[in-house]
Amino acid sequence: MTADDSFGRLDDDDYPAYTMGRAAAMLGTTQGFLRALGEATGTPLLRETSSTR
């Protein structure tokens with residue numbers, strides 16, 4: 001996938017535009033807090049199926 005392909009997917013509600021770490025940094029909180037918030041509100045947290053660590 002090229003960068004141009006990624007920009008086209010930003011209109012897709014299911015496309016994870018930010019990683020959990022990036023979202024936490026933008027909000028000034030921790031990844032653990034965002035995960036706990038997601039569990040408490042019933043918001044599904046999507047994880048990539050590839051192991052690209």
Side-chain angles (χ1 to χ4, degrees):
M1 178 181 296
T2 65
D4 291 335
D5 294 336
S6 296
F7 290 127
R9 296 187 67 191
L10 291 177
D11 290 332
D12 181 357
D13 290 338
D14 295 323
Y15 180 69
Y18 296 103
T19 63
M20 180 67 74
R22 181 67 183 130
M26 289 171 42
L27 295 171
T29 188
T30 65
Q31 294 178 34
F33 174 78
L34 291 181
R35 287 190 181 100
L37 186 63
E39 288 179 20
T41 62
T43 305
L45 301 175
L46 304 175
R47 291 186 175 237
E48 291 187 29
T49 55
S50 64
S51 56
T52 56
R53 287 189 174 212

**OP:** Say whether Leu37 and Leu27 are linked into one hydrophobic cluster, either directly or through other cluster members, by side-chain heavy-atom distances under 4.5 angstrom.
**Re:** yes
Subject >> Pairing residues for Gln31 by the side-chain contact (heavy atoms from CB on, under 4.5 Å) criterion, not counting sequence neighbours >> reply: Met20, Ala24, Arg35
**OP:** Not counting sequence neighbours, which residues clear side-chain hydrogen bond (donor to acceptor under 3.5 Å, both in side chains) with Thr43? List them please.
**Re:** Thr41
